[in-house]
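Naming: A, B, ... by sequence-line order, numbering from 1 per chain.
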Protein chains: 2
Amino acid sequence: MASMPTVTDVALAAGVSRQTVSNVMNSPGIVRADTRERVEAAIAQLGYRPHASARRLRTRRSSTIGIRLDPMIDGISGSVLDRFLHALTEQADKQGLRVLLFTATSPEDEIIQLQRLNDGADVDGFVLTSTFAGDPRTKWLIENKIAFVTFGRPWGADDVSDPQHLWVDVDGWAGLYEATRAAQDAGARRIGYIGWPSSADTGDDRRRGWHDAMRERGDVTEADLIALEAVTVDGVAEGTAAMQDLRRRAGPLDAVLCASDSLALGAMIANPERVPVTGYDNTPVAAAIGLSSVDQSVGEVAAGVLGLLTGEFGGQVHGAPESLQPRYQMIRPRLVTRAFAAIPMEMLV
Amino acid sequence: MASMPTVTDVALAAGVSRQTVSNVMNSPGIVRADTRERVEAAIAQLGYRPHASARRLRTRRSSTIGIRLDPMIDGISGSVLDRFLHALTEQADKQGLRVLLFTATSPEDEIIQLQRLNDGADVDGFVLTSTFAGDPRTKWLIENKIAFVTFGRPWGADDVSDPQHLWVDVDGWAGLYEATRAAQDAGARRIGYIGWPSSADTGDDRRRGWHDAMRERGDVTEADLIALEAVTVDGVAEGTAAMQDLRRRAGPLDAVLCASDSLALGAMIANPERVPVTGYDNTPVAAAIGLSSVDQSVGEVAAGVLGLLTGEFGGQVHGAPESLQPRYQMIRPRLVTRAFAAIPMEMLV
DNA sequence: AGAAACTATTTGATCGATCAAATAAAGTCA
DNA sequence: TGACTTTATTTGATCGATCAAATAGTTTCT
């Protein structure tokens, strides 16, 4: 294969200068129509493609976003990040952006990687996932004026409306509020909740959705509300145990909501009465066994992240005060309702 | 933040020339020890990082590998590719390689993307996953002399030992052979198999592993061997149905092996006798519910892929006949044995 | 018609690194 | 010692694109 043609080759073929060729690609508006057509024909004929590195060197833009690939913390729910990554890559591509992966062993190590990629001009900005309270990464990125957007709101003491920290997140509260309402509308009164210990902020958020909806309706007493809640760490076996616990303590249930699909899967195993169970994340497992679940619309999240990010490195420097756009975005999740069809429980007996 | 220092800045600080600085980074051997130390000190002191794009422009190497992010064809087993991607990124990083993602809607579209990334000098080579019979992608890559390695052997008419097609794959036959042997060693005689229709080559391979091991041992008659096999497309509900079918047709079973974890999960649902079930892929679901499974050692696969790929664009041009290294690598999977502890079946009754 | 104001296109310089070849320094040997 | 290697370092050119400023070509208006 002969080496790739360059702008000069195209310019020669079209009878114009290098810069005009460049203009046709980057600001077609300023080139006269007939000239543009001639250049475009030459580009097509020679099969010209701009050399990405040359362009990046000159423009000081890499058109690349860095994102850390997590080591599947929680097995089952890992697929959410996976889907997010896919959506991000797909949508980034449409805007001419590439997605570069990296891994890290700890938040501190991640900062080293962030610095490496940024200093080497490998990326224009980062997308961070799984934010947590006191996250050192966001602090570091802000201090170093590096563009980034997080999938996950600032937790704990960090300010949700800090103009320097752009974020997109899914409204876990709304997800569970809606799921609770849906169950109530279907006639359920005694709706249980299996959630995580309150050290995890994201779990508290979801729990409140259920709790608020239950209180608003007032179908059960305060004492019952306490009995209807089980707390456990994530996991299938844990979900099973929590479900047994719940049935023992709360008596008959009309429905059960869970903070994750893992818990929901577990709950469903100890569920002979076939009480409707709803999970969270709408993972493949939920789809496979016919479990209702709250779906984090990763497509919308990806779009939001990209919007904020390109606004960031497209426009002014980081944290420019004059930008009046919203600095964050809360996405409303979507409840996916499924019947229990996939598990013919009667066969088990 | 002041703009990043360049080689020239470092050279000035260390009192040497640009090229010496470059040599310290790329061929330290040819620089005198004391000079090297001086330069290294200057690099550290200034916090210098080479500009990736500048280097790539000059060297005509991107040190980047392109890989397509699949849209989770099969929900549950998608995590295998996910784990592979993670291992690949991690190991690539150690060799100074980056991993760039892309998406595509079809094999034809994928070829367009491959061309785009290659022509733009964005990547040095590709890693392809999920190969299939008559795969147009490998054909195209070979024709265009672009470096690539596939995770998955050439299927169908494609030649497994074609020196132009480098590949790494997991030996599904060995995986099921071993799983069968393990069951036999544990005293099982009547071992059932739930597999896929024979249109999928990868499924046939796994089935043969079970079939060969059963025949070698000769514990059951040929007629029984036929009764011990159920065929169905992938899915949890399908696994449940196949399991019922198997129990009806084959009578009592000592163990059941499945072509996937989805099928295994399904099989376990219709398994009141608690016959040991073994899946394939060792997905998080298997881990969560305590299912034995055949693990595709993605770490080894990633290492193999990288070895072949760097050998490819590190050394001679594609398909150079003088290379005597093996052109492919078959990885032996590993059987992960788990007890059924996670599912307390008695609770269901 | 001629100056002013645009619009379209070209030219020279530059981004930050490495290559290739030239030079300088050090070591070897008759 | 002087010619000859070998080793270490420097210099000028270059990768392929875009930027900034200069030039050529058009249109507008008095």
Side-chain angles (χ1 to χ4, degrees), chain A residues 2-40 42-43 46-64 96 116-124 314, chain B residues 2-40 42-43 46-64 96 116-122 124:
Chain A
S3 66
M4 292 300 295
T6 72
V7 264
T8 310
D9 297 323
V10 175
L12 225 60
V16 297
S17 70
R18 303 188 307 280
Q19 186 60 38
T20 300
V21 177
S22 172
N23 287 337
V24 168
M25 314 204 76
N26 301 303
S27 17
I30 69 166
V31 179
R32 214 173 45 206
D34 60 325
T35 314
R36 185 169 57 231
E37 279 162 29
R38 204 146 31 92
V39 172
E40 274 162 356
I43 288 176
L46 295 178
Y48 166 78
R49 306 271 175 175
H51 191 286
S53 295
R55 169 179 282 172
R56 293 207 267 263
L57 171 59
R58 183 68 248 232
T59 60
R60 313 181 129 287
R61 288 252 160 91
S62 67
S63 298
T64 303
R116 234 170 35 109
L117 291 171
N118 182 67
D119 289 353
D122 270 303
V123 302
D124 288 337
Chain B
S3 67
M4 291 300 295
T6 70
V7 267
T8 311
D9 297 323
V10 176
L12 226 59
V16 296
S17 70
R18 305 189 306 282
Q19 186 60 38
T20 300
V21 176
S22 172
N23 286 337
V24 167
M25 316 204 74
N26 302 303
S27 17
I30 68 167
V31 180
R32 215 174 45 207
D34 61 325
T35 315
R36 184 169 56 232
E37 279 163 28
R38 201 144 35 90
V39 172
E40 274 163 354
I43 289 176
L46 294 178
Y48 166 78
R49 306 271 176 175
H51 191 288
S53 293
R55 169 179 280 171
R56 293 207 266 264
L57 170 59
R58 185 66 250 228
T59 61
R60 314 181 129 288
R61 286 254 161 90
S62 66
S63 299
T64 303
R116 234 170 37 109
L117 291 172
N118 182 68
D119 289 355
D122 270 303
D124 288 336

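- Distances shown here put every side-chain N or O of N23(B) at or beyond 4.0 Å from the OP1 or OP2 atom of dA8(D).
- Between V31(B) and L57(B), the residue whose closest nucleotide on DNA chain D is further toward the 5' end is V31(B).
- Using a 4.0 Å cut-off, no side-chain N or O of S22(A) falls inside it from OP1 or OP2 of dA17(D).
- Shortest non-hydrogen contact noted between A14(B) and A42(B) is CB-CB, 3.9 Å.
- As judged by a 4.0 angstrom heavy-atom cut-off over every strand, T8(B) is placed among residues making no nucleic acid contact.
- A straight line from CE of M25(B) to P of dC19(C) spans 13 Å, rounded to a whole angstrom.
- Here S17(B) reaches the OP1 or OP2 of dT10(D): one of its side-chain N or O atoms lies under 4.0 Å away.
- The interatomic distance linking Q19(A) (CD) with dA13(C) (C1') rounds to 12 Å, in whole Å.
- T35(B) comes within 4.0 angstrom of the backbone, heavy atoms only, and of no base.
- Using a 4.0 Å heavy-atom cutoff across all strands shown, R36(A) reaches no nucleic acid atom at all.
- Residue contacts shown for T20(A) include a base, since a base heavy atom lies under 4.0 Å away.
- At whole-Å resolution of the value, CZ in R32(B) and C1' in dA24(C) are 12 Å apart.
- Ion pairing between a basic and an acidic side chain is recognised when a charged N comes within 4.0 Å of a carboxylate O; D122(A) and R56(B) show such pairing.
- Here M4(B) contributes atom CE and H51(B) contributes atom NE2; the two are 9.5 Å apart, rounded to the nearest 0.5 Å.
- Atom OG of residue S53(B) and atom CZ of residue R60(A) lie 10.0 Å apart, to the nearest 0.5 angstrom.
- Counting to the nearest Å, the P atom of dA17(D) and the CZ atom of R58(B) are 15 Å from each other.
- Counting non-hydrogen atoms under 4.0 angstrom, R18(B) reaches a base of the nucleic acid.
- One interatomic measurement links the two molecules: CG of D34(B) to C1' of dA26(C), which rounds to 13 Å at whole-angstrom precision.
- Interatomic distance, CD1 of I30(B) versus CZ of R36(B), reported as 10.5 Å (0.5 Å rounding).
- Rounded to an integer number of Å, the gap from L12(B) CG to dT11(D) C1' is 15 Å.
- Here R55(B) reaches the OP1 or OP2 of dT18(C): one of its side-chain N or O atoms lies under 4.0 Å away.
- Here dT18(C) presents its P atom at 12 Å from NE2 of H51(B), a figure rounded to the nearest Å.
- If you take CD1 of I30(A) and C1' of dT10(C), they are 12 Å apart, rounded to a whole angstrom.
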